[in-house]
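Ligands are counted one by one from 1 in listed order, and the atoms in each one are counted from 1 as well. Numbers for residues simply follow the sequence, beginning at 1.
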Amino acid sequence: MYLILFGAPGVGKGTQAKILSQKFFIPHISTGDILREAAKNGSPMGLEAKKIMNAGQLVPDEIMVEIIRETLGQEQCKNGFILDGYPRTTAQAESLNKLFRKLNISDYALICLEANDDEIVKRLTARRACKSCGAIFSSSEIENDVHCPVCKAENSFYQRKDDTEEVIRTRLEVFQSSTKPVKNFYKNENKLLEINGLNSIEEVSSEIIEGLKQMFPQKKLLN
Ligand code: AMP
């Protein structure tokens, strides 16, 4: 199963990608996580990306295309993967299509999660992550917690620099102008699955599974 999770920042791509990754036993490839890791390691590319990310803009296509070419070529991606945060421009989508052809991948789908801007701003300004295990929470879920509920690390919660309201508004503008056209690209290819991202996490994942069953009737999907 080769899946692409698509949608505005904060719509729930990462959450759904983790669920689907466990369900289908395929790796979750988040380009945002790859870039944040590169920034943490202090490589020249990582440091350049960090500035761009903190401003809410997109890292240049050439860099992203190379990261994806290298990542999808790895052994762990041979039997499927879930892309989260890629492609974000039509140039990236076109290049991914070429890569799919080269890798003989034809059973792929773009899952588009939809939500309105107000809900997204609300979710993202409340988003907190654990710097030890990467788990994501809403601030109200961990209000009185000193330890991370997942890995038990102490005082490990932080807010991403790009989750402030000003940067979120920029990211939403960038999504509208540069990323949204990607949806039509996959619609024209008959590979689009549209899902309401405003429902509960469980409802969204079951809607995705149902949609995939209809899209790939020949595949035996787990219940
Ligand atoms: P995310 O964690 O997916 O919200 O990504 C965080 C930031 O990483 C984005 O706002 C961009 O600055 C950068 N980024 C991630 N994926 C891409 C991509 N496919 N193309 C360009 N920039 C990206």
Check: If you measure from each non-hydrogen atom of Lys51 to ligand 1, which part falls under 4.0 Å: side chain, backbone, both or neither?
Finding: neither
Next item on the list: Give the contacting part of Met53 toward ligand 1: side chain, backbone, both or neither, where contact means a heavy-atom distance below 4.0 Å.
Entry: both
Note to self: Measuring from atom 6 (C) of ligand 1, which candidate in Lys50, Arg171, Arg160 has the nearest non-hydrogen atom?
What the structure shows: Arg160
Note to self: Please state which option from Thr179, Ile67, Leu35 has its nearest heavy atom closest to atom 14 (N) of ligand 1.
What the structure shows: Leu35
Notebook entry, point to check: Under 3.5 Å, side chain of Gln16 to main-chain N/O of Ile201, donor-acceptor pair present?
Noted result: yes
May I ask you to identify the nearest protein heavy atom to [atom], giving residue, atom name and distance to one decimal place in Å?
atom	result
atom 11 (C) of ligand 1	Gln57 O, 3.4 Å
atom 5 (O) of ligand 1	Arg88 NH2, 3.5 Å
atom 16 (N) of ligand 1	Thr31 OG1, 2.8 Å
atom 22 (N) of ligand 1	Val59 N, 3.1 Å

For [Y], is there an ion pair with [X] - N to carboxylate O distance below 4.0 angstrom?
X	Y	value
Lys98	Glu94	no
Glu119	Arg123	yes
Lys51	Glu48	yes
Lys183	Glu194	yes
Asp163	Arg171	yes

Margin query: For Val204 versus Asn199, what's the shortest heavy-atom pair and its separation?
Written below: CG2-O, 3.7 Å
Notebook entry, point to check: Do ligand 1 and Ile52 have nitrogen or oxygen atoms that lie under 3.5 Å from each other?
Noted result: no
Checklist line | Where ligand 1 meets Arg36 - atom numbers and elements under 4.0 angstrom, heavy-atom basis | finding: 2 (O), 6 (C)
Item checked: Enumerated ligand 1 atoms positioned under 4.0 Å from heavy atoms of Gln92 -> 18 (C), 19 (N), 20 (N), 21 (C)
Notebook entry, point to check: Hey, does Lys13 sit under 4.0 Å from ligand 1 if you only count heavy atoms?
Noted result: no
Margin query: Among Phe81, Phe6, Phe100, which residue satisfies the ring-ring contact (aromatic ring centres under 6.0 Å, His included) criterion with Tyr108?
Written below: Phe100
